[in-house]
Amino acid sequence: MANIYTIPNTDYTVSKEAIECPHCSVSIVPDLFHAIKISSNGNRHIVAFACCVESMCELPFLLEFKQKYSPKDENWKTKPFIQQDVYNYEYESSLPEDLDAIRDDDKRPYLTKFFEIYEHAHQTHEQGFTEVSGTGFRKSFEFLLKDYAIFCFPNDKDKIAYQPLQQVIKRFSENKQLNIVAERAAWLGNDQTHYTIEWDEMDVDDLKNLIKSTVFWIHHAEFAKDLLISMADKRK
């Protein structure tokens with residue numbers, strides 16, 4: 001029997017059980033942070049924001065839960081759906097995100113040049129030119145961070161363009177997860193362009209994973225902003 005608990009910042013109760021992380025494939029009980037409802041054709045689902053608890057992964061992803069049918073309540077499909085109502089939901093599936101999905105679904109301007117450069121670096125990497133592909137990944141990462149910073153701080157566009165990458169990263173200090181993964185991606189990216197390296201136990205694949213994680217956290221941050229706009233707190 002799965003444990004039942006309430007997702008933080010919501011009134012939704014869900015089954016908390018072990019699932020396979022869509023990124024690292026390790027069986028985990030993920031941390032859940034928030035959730036939104038999805039209703040269609042009388043069926044109710046919620047999508048929860050989750051994060052892998054495996055120390056070598058810790059990547060974000062989404063989980064979908066379906067409403068638990070109660071035979072004692074014949075009118076459950078026609079009841080109004082409001083956030084203050086408490087329903088039990090059972091785990092249905094994980095919704096892994098990959099860069100292709102984000103590229104197809106999210107047309108934000110800060111992703112355009114990043115994906116162009118990242119794809120070129122990826123093709124080089126796949127052909128076995130790992131000594132030069134790292135430089136390409138590092139360049140794609142800088143375009144991602146600077147274009148995203150300009151998107152967030154348009155009045156500082158000229159300043160951001162010439163700022164060292166570490167200074168750009170500090171602009172996102174309030175988003176702890178994004179700040180952490182971006183800083184470490186910058187560290188590994190620098191190793192790909194310097195004669196001496198600091199993180200000799202890590203390679204280009206580790207850099208790629210950190211870049212992907214940075215994209216995911218940016219994607220989630222922007223999704224959260226949109227959510228706050230579209231679902232203002234009616235309790236105020």
Side-chain angles (χ1 to χ4, degrees), residues 20-26 28 50-62 94-151 160-172 175 177-223:
E20 182 178 288
C21 171
H23 298 295
C24 67
S25 300
V26 173
I28 59 165
C51 189
C52 181
V53 297
E54 179 68 21
S55 60
M56 296 302 292
C57 179
E58 297 184 341
L59 288 174
F61 57 95
L62 303 176
S94 58
L95 304 174
E97 293 178 328
D98 55 35
L99 293 187
D100 287 337
I102 292 178
R103 174 168 45 194
D104 293 340
D105 295 339
D106 197 329
K107 307 302 182 182
R108 300 181 193 270
Y110 52 79
L111 293 173
T112 304
K113 193 66 177 180
F114 159 72
F115 276 123
E116 178 183 343
I117 301 171
Y118 185 92
E119 182 60 29
H120 291 169
H122 177 71
Q123 292 176 4
T124 303
H125 187 70
E126 289 295 295
Q127 293 172 12
F129 300 111
T130 56
E131 291 295 330
V132 294
S133 63
T135 303
F137 287 122
R138 168 60 175 77
K139 181 177 181 180
S140 73
F141 177 71
E142 179 161 350
F143 269 80
L144 171 68
L145 262 293
K146 289 195 171 185
D147 283 347
Y148 182 53
I150 291 170
F151 178 81
I160 291 169
Y162 290 97
Q163 274 186 326
L165 191 56
Q166 288 293 345
Q167 291 185 25
V168 176
I169 293 173
K170 288 180 180 179
R171 289 176 175 268
F172 305 107
N175 187 330
Q177 293 88 351
L178 173 58
N179 191 263
I180 289 173
V181 295
E183 183 178 53
R184 281 147 182 79
W187 292 349
L188 291 191
N190 289 339
D191 273 357
Q192 299 300 317
T193 60
H194 294 163
Y195 184 83
T196 58
I197 62 176
E198 188 173 352
W199 303 90
D200 54 1
E201 73 278 14
M202 307 187 86
D203 57 19
V204 177
D205 287 327
D206 295 300
L207 172 60
K208 287 176 61 180
N209 287 333
L210 284 171
I211 292 175
K212 289 179 181 180
S213 185
T214 303
V215 175
F216 292 149
W217 281 118
I218 289 175
H219 187 64
H220 282 297
E222 291 305 307
F223 186 91

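We use all heavy atoms of the structure for the numbers below, so side chains are in, but hydrogens, waters and symmetry mates are not.
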Acceptor/donor pairs from residues 160-172 side chains to any protein atom, 3.5 angstrom cut, sequence neighbours excluded:
{"unit_1": "Gln163", "atom_1": "OE1", "unit_2": "Arg171", "atom_2": "NE", "d": "3.2"}
{"unit_1": "Arg171", "atom_1": "NH1", "unit_2": "Asp156", "atom_2": "OD2", "d": "3.1"}

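- When every heavy atom of Ile211 is checked against every heavy atom of Phe137, the shortest pair comes out as CD1-O, 3.4 Å.
- A distance-only check finds no donor-acceptor pair linking the side chain of Asp206 to the backbone of Asn209 [under 3.5 Å].
- Leu178 CG to His219 NE2: the interatomic distance, rounded to the nearest 0.5 Å, is 13.5 Å.
- Atoms OG1 and CG, from Thr196 and Asp191 in turn, are 8.0 Å apart once rounded to the nearest 0.5 Å.
- Note on Lys139 versus Glu142: no salt bridge recorded, every NZ/NE/NH1/NH2 to OD/OE distance being 4.0 Å or above.
- In this structure, Phe151 and Tyr110 have perpendicular ring planes: the angle between them is above 60°, well past the 30° mark.
- Here the side chains of Thr214 and Leu145 are in contact, with some heavy-atom distance below 4.5 Å.
- Heavy-atom minimum distance, Leu207 versus Arg138: CD2-N, 4.3 Å.
- Counting only distance, with no hydrogens or angles, the side chain of Asn190 and the backbone of Ala186 share a donor-acceptor pair below 3.5 Å.
- More than 12 heavy atoms of other residues, nucleotides or ligands sit less than 6.0 Å from atom NZ of Lys146.
- Taking both residues in full, the closest heavy atoms of Cys21 and Ile28 are given as CB-CD1, 4.0 Å, listed atom of the first, atom of the second, then distance.
- Distance check, rounded to the nearest 0.5 Å: CD of Glu198 to CH2 of Trp187 gives 8.0 Å.
- Among pairs with a residue in residues 120-136, those fulfilling side chain to side chain donor-acceptor pair (under 3.5 Å) read Glu119-Gln123, His125-Ser133, His125-Asp205, at least two apart in sequence or across chains.
- The closest side-chain heavy-atom distance from Tyr148 to Glu222 is below 4.5 Å.
- Using a 4.5 Å cut-off on side-chain heavy atoms (C-beta onward), Phe114 and Asp147 make no contact.
- Counting heavy atoms from C-beta on, the side chains of Trp217 and Ile180 never come closer than 4.5 Å.
- Residues Ser213 and Val181 approach most closely at OG-CG1, 3.5 Å, considering heavy atoms.
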